[in-house]
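These numbers come from a predicted model, not from an experiment. Lettering of chains follows the sequences in order, A, B, ..., and the numbering in each one begins at 1.
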Protein chains: 4
Amino acid sequence: MARPKSDDKRSAILAAAAEIFAERGLGAATSAISSAAGIAEGTLFTYFKTKDELLNALYREIKMELSSAMMSNFPRKKSVRTRLHHIWNRFVNWGVANPVSRFALAHLEVSDRLTDESKVAGSAPFAEVETLVDDAAAQRLFRNVPEELIAASLRSLASATMDLIAANPRMADQYREAGFEIFWTGVTKKR
Amino acid sequence: MARPKSDDKRSAILAAAAEIFAERGLGAATSAISSAAGIAEGTLFTYFKTKDELLNALYREIKMELSSAMMSNFPRKKSVRTRLHHIWNRFVNWGVANPVSRFALAHLEVSDRLTDESKVAGSAPFAEVETLVDDAAAQRLFRNVPEELIAASLRSLASATMDLIAANPRMADQYREAGFEIFWTGVTKKR
Amino acid sequence: MARPKSDDKRSAILAAAAEIFAERGLGAATSAISSAAGIAEGTLFTYFKTKDELLNALYREIKMELSSAMMSNFPRKKSVRTRLHHIWNRFVNWGVANPVSRFALAHLEVSDRLTDESKVAGSAPFAEVETLVDDAAAQRLFRNVPEELIAASLRSLASATMDLIAANPRMADQYREAGFEIFWTGVTKKR
Amino acid sequence: MARPKSDDKRSAILAAAAEIFAERGLGAATSAISSAAGIAEGTLFTYFKTKDELLNALYREIKMELSSAMMSNFPRKKSVRTRLHHIWNRFVNWGVANPVSRFALAHLEVSDRLTDESKVAGSAPFAEVETLVDDAAAQRLFRNVPEELIAASLRSLASATMDLIAANPRMADQYREAGFEIFWTGVTKKR
DNA sequence: AATGAATGAGCTTTCATTCAT
DNA sequence: GATGAATGAAAGCTCATTCAT
């Protein structure tokens, strides 16, 4: 083989795309991305046939990153609360540590350019969370609310928490813990 | 003035813009908007000097709409819970009843094209909510969490609730009530 | 109406396109055409939505030109020989007088970018020639050759004649007359 | 030389080029050619420095092929009619048997990318035809027409004949014979 | 010599904005 | 003020050619 397609270059493009998209939205020019990645305009298209393909690849990549950040060292045997807390912390910490990915993801998620395959692939790694919620529901830990509202609440409260931390990083620990308490108390039965 | 700029036309443009932006994102062409508004391409620019000006005007308009939807018949004298419940219900109902505005707003809020003035103007009408939260804090109703997390939780939980209702409108009442309970329980002190 | 689309400009584009295509083939850039037509690059596309649309319009225009050149003052009542001679002369003279159209047409005819509609529209004006050949066949003027070979011979001999005239314009009259004699003698019965 | 440039590969490229150009015109990408030839994109350029060089080589190759098809077993001693008939038949049969070469050649001949050298080289093998025509002229076989019109008529009528055969292969023999009769009768003196 | 990734000029087309009518 | 044609600067993408391997 001649020069093989380099994984480095592919990664550089994805990283540059995340940065540019996070900053300027998906309308940003591919030329901005290639130049940020330090490659020629045409080279981008040997790694991703179209801009949409790049978009979808980036989405899946970020989702995988996030999922592995959330799921590494997952305390599968511990209590529901511990497991949810683990997920919450990892999620929030990931968002705080990776604002670029987070913003890029936000843009990607509201766009209409993700294929169904990407959406499926992107949500697959979160199956564990579903199981967890099912589990808890079986244990009758939750208040009498539709199950899907539980997961949605976790996601949305975590996002709100990340925003606050981004605005005021010094308060990170307090926001993160308080956020989880709101979620947990809101969602579980009173005792 | 011979022919004064017509408020009708201005409104038509804003309505068309909301629809088009909701559907296609902010990248949509101004020509799509003018044609949806039933006016000539050039006419749009006598009402809004640039596309960004239109964007910002639309943002402020939607925010005002939302704010007045939330604040009409506000039970200023009633309990904190009643008042928050009022806001919650109005907010969620508005989002459900005005999906176009809601989606347009979502696009606008993640864009980098809103001026600081717009952001300020857009949040001003929500001052009442702040006051309300202050009030409640003074009454020591809330659990020991940073105050700004309260408002953020309300917003984000309400958004999540709207999404669920949009996906499954028959469950509207259940989602709305359950959502509020999660918020209220999560945020107030245990008794 | 504001500035109405001008027929002048449309014609200028078609003329420029003929010139450029004749010279460089259909691969020539649209920007070369717009600049030759004295308009901005974008303006071309308000008159022709795509390059292919321009191509097809040009084809039909040239075919119409040619057809009206051939058919004006057509001696409908005269002998078959006179009528064929008329067509021959008009065809050859048109080609000699309009080399740009002729070359552009040559490029267009071998391209795979003409729609079926264009091909039909382009051949329609030549129905008269068909009729003429049918007529002559009915009169048993032609030698025992497939009818379609008659028309094909006329076309191809005329083209060859035009090429020779283009290479040596002073011989125009001789080539034209000699060409017709070859055609007529080749195609009709010996007496 | 370690690995000499292979004639096989050169031929494969020319064959692939003929096929691709016949089908899509000269605008076709060199990458399509290299892939059809089963070689790498870059390899094409070790055999032909530029696309234009390939174009010109292909033109000459096809012309040589055609010429040798026409001239093999040439009945040098037979009558002018027999010799012209031989050429005619070989020419037409070649075109029918090698549509790819024929179409590629058609594209090449109208392009402006052939060098003068190529044009000269391409016409050289047809010197024999010239001689033949000279010969016949000396014998006063031809009608009183410019000599160059004779060769041009042969070429153009043969092309027209090939087109008809391509459209209706079952009629091949009839078209070929009738075509020749038109040519011969058209061009020679009446008796 | 062979490979195919890398390059960047060039292509067609879109679009916010201007301006003649 | 209203209109929509005119503008030209991008945009995404292609492709002949180069060059590291």
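The closest donor-acceptor contact from the side chain of C:K51 to the backbone of C:L26 lies under 3.5 Å. Panel note: side chain C:K5, backbone C:T46; a donor-acceptor pair is recorded below 3.5 Å.
Residues from residues 45-59 of chain A placing a heavy atom under 4.0 Å of any atom in DNA chain E, listed by number, are A:T46, A:Y47.
Secondary-structure annotation of DNA chain F gives the stems E:2-21 with F:2-21, with a stem taken as at least 3 successive Watson-Crick or G-U pairs whose two distances both fall under 3.5 Å.
Atom CD of C:E41 and atom P of E:dG10 are 12 Å apart (whole Å). Here F:dT17 presents its C1' atom at 15 Å from CD1 of D:I13, a figure rounded to the nearest Å. Computed from coordinates, the A:L26 CG to F:dG12 P distance equals 11 Å when rounded to whole Å. Protein atom CZ of D:R10 is 14 Å distant from nucleotide atom P of E:dA1, rounded to whole Å. Here the P atom of nucleotide E:dC11 and the CD1 atom of C:I33 are 11 Å apart, to the nearest Å.
Once rounded to the nearest 0.5 Å, the distance linking NE2 of B:H107 with CD of B:E23 reads 9.5 Å. With rounding to the nearest 0.5 angstrom, the OG1 atom of A:T30 is 9.0 Å from the CG atom of A:L54. Here the CG-CD distance, from B:L14 to B:E61, works out to 5.0 Å after rounding to the nearest 0.5 Å.
When each of A:G27 and C:G42 is assigned the nucleotide of DNA chain F with its nearest heavy atom, C:G42 is the one assigned upstream, toward the 5' end. Of the two residues near DNA chain E, D:L44 and B:A29, the one whose nearest nucleotide lies more 5' is D:L44. Both B:I39 and C:A40 lie near DNA chain F, and the one whose nearest nucleotide falls closer to the 5' end is B:I39.
Side-chain contact between B:F21 and B:I33: present, with at least one pair of heavy atoms (C-beta onward) separated by less than 4.5 Å.
Not one side-chain nitrogen or oxygen of C:T43 sits closer than 4.0 Å to the OP1 or OP2 atom of F:dA5. The phosphate of F:dA5 has neither OP1 nor OP2 within less than 4.0 Å of any side-chain N or O from C:K9. Taking 4.0 angstrom as the limit, C:T30 places a side-chain polar atom (N or O) nearer than this to OP1 or OP2 of E:dT12. In this structure, C:K5 does not reach the F:dA6 phosphate: none of its side-chain N or O atoms is under 4.0 Å from OP1 or OP2.
C:A32 comes within 4.0 angstrom of nothing in the nucleic acid, heavy atoms only.
When all heavy atoms of A:L66 and A:L105 are compared, the closest pair comes out as CD2-CD2, 4.4 Å. In plain terms, the two heavy atoms of B:R24 and B:A32 that are nearest each other are NH1-CB, 3.5 Å.
Under the salt bridge (charged side-chain N to carboxylate O under 4.0 Å, His left out) test applied with A:E109, the options A:K119, A:R102, A:K63 reduce to a single match, A:K63.
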